[in-house]
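Report on the structure given below.
Letters A, B, ... mirror the listed sequences (proteins, then strands); counts begin at 1.
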There are 2 protein chains.
Amino acid sequence: MKSDFNAYNYLLQHDIKPSVQRLAIINYLYEHRTHPTADEIYAGLIDQIPTLSKTTVYNTLNLFYQQAAILSLTIDDKNVRFDIDTSDHAHFKCLNCGKVFDVPAVLDSVTAIALEHGFIVAEKHLYLKGYCSSCNESPNK
Amino acid sequence: MKSDFNAYNYLLQHDIKPSVQRLAIINYLYEHRTHPTADEIYAGLIDQIPTLSKTTVYNTLNLFYQQAAILSLTIDDKNVRFDIDTSDHAHFKCLNCGKVFDVPAVLDSVTAIALEHGFIVAEKHLYLKGYCSSCNESPNK
DNA sequence: ATCAAATTTGTAATCATTACAATTTTATAT
DNA sequence: ATATAAAATTGTAATGATTACAAATTTGAT
């Protein structure tokens with residue numbers, strides 16, 4: 001079963017010129033919905049593209065973000081994480097295992113409030129932190 | 001007109017032993033609702049406490065955060081920002097001037113959704129990004 | 001095939017934050 | 001008060017994510 005995701009067209013739709021590196025990175029994000037860091041993406045692709053530079057990963061992710069092809073998450077105070085899903089949803093980070101999960105959420109009301117205050121909203125980030133069901137059942141500390 | 005904020009009691013209420021440095025830092029946060037960074041707090045207090053160390057500022061802010069006396073904001077991907085207001089509210093960061101504003105918000109419904117997914121929620125952060133009314137009226141670029 | 005522009009790469013720099021050991025201050029027991 | 005232990009503060013060095021930058025490579029257009 002092959003992926004129905006057309007990385008090439010996805011990049012073109014966001015005015016990004018495709019390249020081997022860019023296609024690999026966007027595909028990685030499509031296949032790994034774990035909200036990976038730049039370093040994790042680099043580690044996941046270095047075998048496939050042995051010449052890959054970490055700078056390219058950072059440059060490319062910044063480009064994707066500027067073109068609104070991906071989200072940039074600051075739920076972690078150490079690293080920025082990335083998400084190919086740009087639809088309206090929230091994120092939950094487990095303080096025990098560190099995993100970041102998706103949580104369905106509608107944030108229209110908050111945008112409306114911001115508008116009432118004269119703010120023009122370009123991005124909305126809802127970050128929840130606590131303990132996921134696995135860690136809650138068998139706490140590791 | 002003097003402040004009605006009792007920094008001493010505020011620290012005691014959060015099981016924090018008061019000290020000159022801790023009182024100065026919590027007072028700074030009470031008086032500066034700009035969501036300052038550790039570095040900004042240090043710069044704001046070094047004249048008043050010439051022996052102050054930046055490490056102490058970081059240690060103290062981490063202590064305050066652990067004791068739930070302040071919020072730790074990751075709306076900025078460069079620095080962590082701090083907020084003495086621990087009540088339920090959102091934050092808006094202007095992508096032009098960089099200022100971080102408070103926005104009233106109620107996030108109970110999202111907490112409920114997270115609970116349905118088996119998550120135990122300890123913290124909620126709603127970050128909006130865009131352009132504030134000042135920057136919107138006279139764009140700087 | 002040639003030249004210019006865009007992309008990628010590797011290395012070094014930046015900068016926020018933390019680690020750690022030494023010093024100073026505070027609290028407690030005698 | 002004084003000695004002593006514990007806690008807090010300090011300064012310096014280390015860490016680690018990200019960016020700056022210049023060189024090398026690739027791509028695209030003539």
Side-chain angles (χ1 to χ4, degrees), chain A residues 7-8 11-12 14-28 35-67 69-82 93 98 100, chain B residues 7-8 11-12 14-28 34-67 69-83 93 98 100:
Chain A
Y8 196 90
L11 294 186
L12 288 184
H14 291 88
D15 290 315
I16 299 164
K17 210 188 300 181
S19 73
V20 169
Q21 292 84 349
R22 290 171 180 177
L23 289 166
I25 291 170
I26 202 67
N27 265 317
Y28 186 92
H35 318 92
T37 64
D39 205 64
E40 287 167 352
I41 295 169
Y42 173 80
L45 294 176
I46 189 61
D47 286 342
Q48 173 184 334
I49 306 176
T51 61
L52 186 64
S53 165
K54 205 172 279 188
T55 299
T56 298
V57 176
Y58 276 103
N59 288 344
T60 301
L61 291 168
N62 287 339
L63 174 66
F64 289 178
Y65 169 67
Q66 285 165 26
Q67 298 300 115
I70 61 174
L71 296 183
S72 166
L73 309 181
T74 58
I75 195 170
D76 201 315
D77 59 337
K78 300 293 175 196
N79 316 312
V80 178
R81 295 179 168 276
F82 300 93
K93 183 187 176 191
V100 176
Chain B
Y8 196 90
L11 294 185
L12 289 183
H14 290 88
D15 291 314
I16 299 163
K17 212 189 297 181
S19 72
V20 170
Q21 292 84 349
R22 291 172 178 176
L23 290 167
I25 292 171
I26 201 67
N27 265 317
Y28 186 92
T34 53
H35 318 92
T37 64
D39 205 63
E40 287 168 351
I41 295 169
Y42 173 81
L45 293 176
I46 189 61
D47 286 341
Q48 173 183 333
I49 307 175
T51 62
L52 185 63
S53 164
K54 204 171 281 188
T55 298
T56 299
V57 176
Y58 278 102
N59 287 344
T60 302
L61 291 168
N62 287 338
L63 174 66
F64 289 179
Y65 169 68
Q66 285 164 25
Q67 298 301 114
I70 62 175
L71 297 183
S72 166
L73 309 180
T74 57
I75 194 170
D76 201 316
D77 57 337
K78 299 295 174 197
N79 316 310
V80 177
R81 294 180 168 278
F82 299 93
D83 191 348
K93 183 187 177 189
V100 176

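Within 3.5 Å, a donor on the side chain of Thr55(B) pairs with an acceptor on the base of dT12(D), or the reverse.
Under the 3.5 Å distance criterion, the side-chain polar atoms of Thr74(A) are left unmatched by any main-chain donor or acceptor of Asp77(B). Of the possible polar contacts, one joining the Thr60(B) side chain to the Thr56(B) backbone as a donor-acceptor pair under 3.5 Å is found.
An OP1 or OP2 oxygen of dT8(C) is reached within less than 4.0 angstrom by a side-chain nitrogen or oxygen of Ser19(A). Regarding contacts with the backbone of dT9(C), a side-chain N or O of Gln21(A) is found under 4.0 angstrom from either OP1 or OP2. Regarding contacts with the backbone of dT19(D), every side-chain N or O of Asn59(A) stays at 4.0 angstrom or more from both OP1 and OP2. Of the side-chain N and O atoms in Lys78(A), none sit less than 4.0 angstrom from OP1 or OP2 of dA16(C). For the OP1/OP2 pair of dT17(C) and a distance below 4.0 Å, the side-chain nitrogens and oxygens of Tyr58(B) include at least one atom meeting the criterion.
How far CD1 of Ile26(A) is from NE2 of His14(A): 8.0 Å, rounded to the nearest 0.5 Å. Note that CZ of Phe82(A) is 4.5 Å distant from CG of Leu61(A), once rounded to the nearest 0.5 Å. The CD1 atom of Ile16(A) sits 7.5 Å away from the CZ atom of Arg22(A) when rounded to the nearest 0.5 Å.
One atom, NZ of Lys54(A), and another, P of dA12(C), lie 15 Å apart when rounded to the nearest Å. Here the C1' atom of nucleotide dT9(D) and the CG atom of Leu45(B) are 15 Å apart, to the nearest Å. Atom CD1 in Ile41(A) sits roughly 14 Å away from atom C1' in dT18(D) (whole-Å rounding). As a whole-Å value, the separation of Glu40(B) CD from dT17(C) P is 11 Å. One atom, CZ of Arg81(B), and another, C1' of dA16(C), lie 13 Å apart when rounded to the nearest Å. Whole-Å rounding puts the Ile46(B) CD1 to dG11(D) C1' distance at 12 Å. If you take NZ of Lys17(B) and C1' of dT24(C), they are 14 Å apart, rounded to a whole angstrom. Atoms CG (Asp39(B)) and P (dT18(C)) sit 13 Å apart, rounded to a whole Å.
Comparing atom distances between the Ser53(A) side chain and each of dT17(C), dG10(C), dT18(D) picks out dG10(C) as nearest. Minimum atom distance to the side chain of Asn79(A) is reached by dA17(D), of the listed dA17(D), dA16(C), dT17(C). Among dT8(C), dT9(D), dA6(C), the nucleotide with an atom closest to any side-chain atom of Arg22(A) is dT8(C).
Ranked by how close their nearest DNA chain C nucleotide is to the 5' end, Pro50(A) and Val80(B) are led by Pro50(A). Each of Ile49(B) and Asp77(B) lies near DNA chain D, and the nucleotide nearest Ile49(B) is the one positioned closer to the 5' end.
Residue Thr37(B) is classed as having no contact, given no heavy-atom separation below 4.0 Å to the nucleic acid.
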